[in-house]
Amino acid sequence: MIKEEKLNLIILLVLFVIPFLAYLFNEPYLTTLTTKIVILSIAGIGLNFILGYGGLVSFGHAAFFGIGGYVTGILASHAQNSEQMFFFLQFDGSNQILFIWLISIIICSFIALLIGYFSLRTSGVYFIMITLAFAQMLYYFSISWPAYGGEDGLSIYVRNVFPFFNTMNPINFYFICFTWLLIFLTILKIILNSSFGLVLKACKENEERVKSIGINPFKIKLISFVFSGAITGLAGSLYTDLNRFVSPSVLSWQMSGEIMVLVILGGVARLYGPILGAVFYIILEQTLGGISENWQFWLGLIIILEVLYARAGIMSLFLKDSKS
Amino acid sequence: MTISLFIEQILNGLQFGVMLFLMSAGLTLVFGVMGLINLAHGSFYMIGAFAAALFAELTGSFMIAMIASFVAALFAGALTELIIIRKIYKRDHLDQVLATFALILLFSEGIRWIFGAYPLYLDIPNSLSSSFNLPFEIIYSKYRMMIILVGIIIAIILYFLISKTLIGIRIKAGQNDREMIGALGVDVTKLYTIVFSLGAALAGLAGALIGAIQSVEVGMGEPVLILAFVVIVIGGIGSIKGAFVGALLVGITDTMGRFLLPSFFSYFFDNASATSIGSSIASMSIYILMATVLIFKPSGLYGGKND
Amino acid sequence: MTDTILKIDNLSKGFHAVRACENISLEINKNEVHALIGPNGAGKSTLIKLITGFLEQEYGKIFLDNKEISYLTPEERAQKGIARSFQVSSIINNFSVVQNIKLALIGKNKNYLDFLTNINLNKKLLKEAFYYLEEVGLNKKANELASSLSHGEKRKLEICIAISMAPKIFLFDEPMAGLDGESSELILQLFKKIKKRAPILLIEHDMDTVFSLADRVSVLDYGKVIATGTVSEIKKNNTVKKVYLGTEH
């Protein structure tokens, strides 16, 4: 039973140490697995920002994860094939990871602005469904658009290039992802303690009150939605580089569900909750997957028990003061 | 493009829509009456299809297979409601989404455990496997026609059930005011179980009917579930009439989109690109339809409440 | 006439066949507490919603400081200087008491797009929040969770939020409902003090409170203003006695 700050620190320390241990014991697969945990954590942190703090249950965050992934895949594949991207532009794509991140964030923000602008007019279950619908729209588009592999997906063979740093080395790539995790944790911590953060949390509980003190909740929610989409989108970009492959499954509703499950498993509205959720999720996948082919059956059972009996998430199991 | 081909596609759209209605009816009632988002509704569709395939294999009778699908999904629905669902009616949407998402995992993996990973096949009975002739030289499958008829008959029965019978009045009372229904002296718990199981049974029947055209496999329910959500959101959650109109709209938009858009784009592009652009947009068409409806009517065509 | 802060001109709103507000005209002047009384269902709460923009009128106009606000959104009206309290306490239960006031101050200062400054370390904001909390006597409860407050304290917090907005006019919807004598008295004194900052439109059931606090009173019945005047004028008014006071005395 410890304080939340301490627990957060321990989580980060463990994540920091694991790849060194993996190197020491010559288990490169463990590094890849931890990289996956970190990337899913980033995606979850993005969703948690609006879901946990703003009360906006988006069931379509795979849209951003997937677009980030496809932007990365498409830019890289053009660079590798030296094919022009647009017939009117002399542009061959890029394999510079810094540039790719920038483009992923810009495009995901823009898509989030569009989806958010229309979705946030609705609320409750309609919001859940319209976000799902937008993600499905993109999913089916990715399947039926043949130029980038359609249903079969798109391979990029080598990771994109970071200046002075070999991204093909698993530990190097891991620390790139880990740095992004730290960056987003820091940014969100600052935002959540700011005026904007306070208003966002107020929107979750009482929009009428927010209106009556002269603030338009729609504006607050839309800005948060864009932030959230950009963060999850960057996670998607990293995911493509991790796997050197992207396919429509990153846009699927199962992906949205997975991100949501790890946010809720970890503990909603706790900044580090999604990390614990991702750790737990991957451990379950690996251990149950080793024991039984039908590991998802047991995952389902665990989730149901968690919903029925341990609602505050895994974070709260470790913490002294259970937040209301 | 001939007129007969066009009408045939319209009929296909109608058949698709009617099937979606069977899926959506339960979903919309469960949300309207109990306020529950049930992602696991697609699992009942799958259970129905598997039950039908099993009983068709055992008895050789298509009729018995259909009844089995209805009964199996009815029982699965009742059991799920009694053990898990009734505990989460009062929870927020987030808990409901999570719990029913987990139920999908349970059902899918459970079925995979019992039946294995390979798809099963359910055959159309001989008496319905042929086609028949309609005016304008249209030749149409008897089986698909039967689906349309079954769907319309069930829609009519549901309409009378809701608007003319005691149970329907109770359901309506429950939609308008959940406290009120208790005050009327209605046994709410029992009513909820009945509505939930009936919805599940209709989904099971839909799964069996479609199982004979497509294959019966794990995961067959989820794509249809998402379409059913699109339907009830377009129609307005809680409204049976909305579900019917929404289902036909979605069915026809999807079918006609796939049919017409590629030839539409061939006016602007060469054939290969027209086909790829056309089919890409066609696959998104119903989601575009849904987004458009929600932008103008945030609670659907026949929806009153926005929650 | 330059003293009129809020002017309501011929305002109407109906729900289906029921006329909730019919051709209502009112003027709220500087330095006054203007009480709105009338039986249940007379249209008082509807009128508050129309003024604050949570409902839209069918016809008629609303002016704040001689500028028309009839078609602005609730948040725009709040920014122009309308502060309200809700009939049922509408505070942020998950926030501490002082966070509720900070939230209102963020709205007033329009710095909700500040993503960087840590509000927990902002001394100026804290000082300002405490200034208002002291006015309603909630400074000792500043760090408690709003949901843990008693009913009376929640009402005070609700009023404190409105005061901290430093508006041009206050609309208080039954602020004293369910309060004990001591708390009512405190709020009574508070209202006498703050009416000099901005006039108060007060909906109140308790006649003693109305008569001791109000400078003018308007009586609403079936969505219509049937009388407006000073307390003594209203007490003498025969129509009022018949429809409203008659049932009380």
Side-chain angles (χ1 to χ4, degrees), chain A residues 4-5 49-55 109 120-121 183-228 230-231 267-271 312 321-324, chain C residues 48-49 51-54 72-86 88-96 98-122 125 145-148 157-158 161-162 164-167 171 173:
Chain A
E4 188 163 345
E5 289 78 23
F49 181 57
I50 53 163
L51 188 150
Y53 297 98
S109 304
L120 289 168
R121 290 154 178 259
I183 291 172
F184 284 130
L185 286 172
T186 315
I187 292 177
L188 288 188
K189 190 168 184 199
I190 292 172
I191 292 180
L192 288 169
N193 280 322
S194 71
S195 299
F196 183 87
L198 193 75
V199 179
L200 176 64
K201 291 178 209 163
C203 285
K204 178 183 182 181
E205 195 186 313
N206 193 338
E207 281 191 24
E208 204 179 40
R209 169 48 75 199
V210 173
K211 282 182 189 165
S212 67
I213 58 161
I215 300 173
N216 182 356
F218 180 80
K219 205 166 158 187
I220 302 290
K221 290 190 289 184
L222 186 58
I223 293 170
S224 311
F225 197 81
V226 170
F227 270 136
S228 170
I231 296 173
V268 168
R270 288 186 193 277
L271 195 49
D321 51 337
S322 211
K323 216 165 47 169
S324 64
Chain C
I48 291 271
K49 283 184 188 156
I51 299 171
T52 49
F54 282 88
L72 299 182
T73 62
E75 53 271 22
E76 285 165 340
R77 294 183 203 203
Q79 283 197 352
K80 298 246 182 262
I82 294 183
R84 71 175 294 192
S85 75
F86 289 86
V88 179
S89 290
S90 180
I91 53 183
I92 310 289
N93 282 305
N94 271 326
F95 283 9
S96 69
V98 68
Q99 273 178 320
N100 269 282
I101 305 304
K102 281 180 179 174
L103 180 70
L105 292 173
I106 289 168
K108 180 181 77 173
N109 301 333
K110 295 186 194 134
N111 59 354
Y112 53 88
L113 289 185
D114 180 345
F115 299 95
L116 299 176
T117 320
N118 189 329
I119 45 160
N120 303 319
L121 305 176
N122 187 337
L125 192 69
L145 212 56
S147 59
S148 71
L157 180 56
E158 177 96 18
I161 290 172
S164 65
M165 301 273 300
L171 309 180
D173 196 350

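First the proteins, then the strands, lettered A, B, ... as listed; each starts at 1.
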Please state whether the side chain, the backbone, both or neither of Asn122(C) comes within less than 4.5 Å of a heavy atom of chain A. neither
Asn193(A) pairs by side-chain contact (heavy atoms from CB on, under 4.5 Å) with which of Asn118(C), Leu121(C), Ile119(C)? Asn118(C)
Please assess Glu205(A) against Phe95(C) for the test side-chain contact (heavy atoms from CB on, under 4.5 Å), listing each intermediate value before the final yes or no. CA-CA 10 Å; Glu205(A) 195 186 313; Phe95(C) 283 9; 5.6 Å; no
By a 4.5 Å heavy-atom criterion (distance strictly below it), what part of Ile223(A) contacts chain C: side chain, backbone, both, or neither? side chain
Name each donor-acceptor pair under 3.5 Å that joins a side chain in residues 105-112 of chain C to protein atoms two or more places apart or in another chain, with its distance.
residue: Lys108(C); atom: NZ; partner: Glu128(C); partner atom: OE2; Å: 2.9
residue: Asn109(C); atom: ND2; partner: Leu105(C); partner atom: O; Å: 3.2
residue: Tyr112(C); atom: OH; partner: Lys219(A); partner atom: NZ; Å: 3.2

Regarding Thr73(C) and Asn216(A), is there a side-chain donor-to-acceptor distance under 3.5 Å anywhere? no
Got a donor-acceptor contact below 3.5 angstrom from the Gln79(C) side chain to the Gly214(A) backbone? yes
Considering all heavy atoms, the nearest Ala202(A)-Leu103(C) contact: CB-CD2, 3.6 Å
Could you tell me which portion of Phe218(A) (side chain, backbone, both or neither) has an atom closer than 4.5 angstrom to a non-hydrogen atom of chain C? neither
Of all heavy-atom pairs linking Ser212(A) and Met165(C), the shortest is O-CE, 4.0 Å
Within a reach of under 6.0 Å around NZ of Lys201(A), are more than 12 heavy atoms found that belong to other residues, nucleotides or ligands? yes
Parallel, tilted or perpendicular: which fits the ring planes of Phe115(C) and Phe196(A), with parallel below 30° and perpendicular above 60°? tilted
Using heavy-atom distances under 4.5 Å, tell me whether Ile187(A) contacts chain C through its side chain, its backbone, both, or neither. neither
Once salt bridge (charged side-chain N to carboxylate O under 4.0 Å, His left out) is applied, do any residues pair with Arg209(A), and if so which ones, sequence neighbours excluded? Glu158(C)
Rounded distance [0.5 Å steps], CG in Leu113(C) versus OG in Ser195(A): 9.5 Å
Heavy-atom cut-off 4.5 Å, strictly under: side chain, backbone, both or neither for Ala83(C) against chain A? neither
Between Val210(A), Leu200(A), Val199(A), Leu192(A), which has the largest tally of heavy atom pairs under 4.5 Å with chain C? Val199(A)
First locate atom CZ of Arg77(C), then atom NZ of Lys211(A), and finally report the distance between them rounded to the nearest 0.5 Å. 12.0 Å
Of the backbone (N, CA, C, O) and the side chain (C-beta and beyond), which part of Thr117(C) lies under 4.5 Å from a heavy atom of chain A, both, or neither? backbone
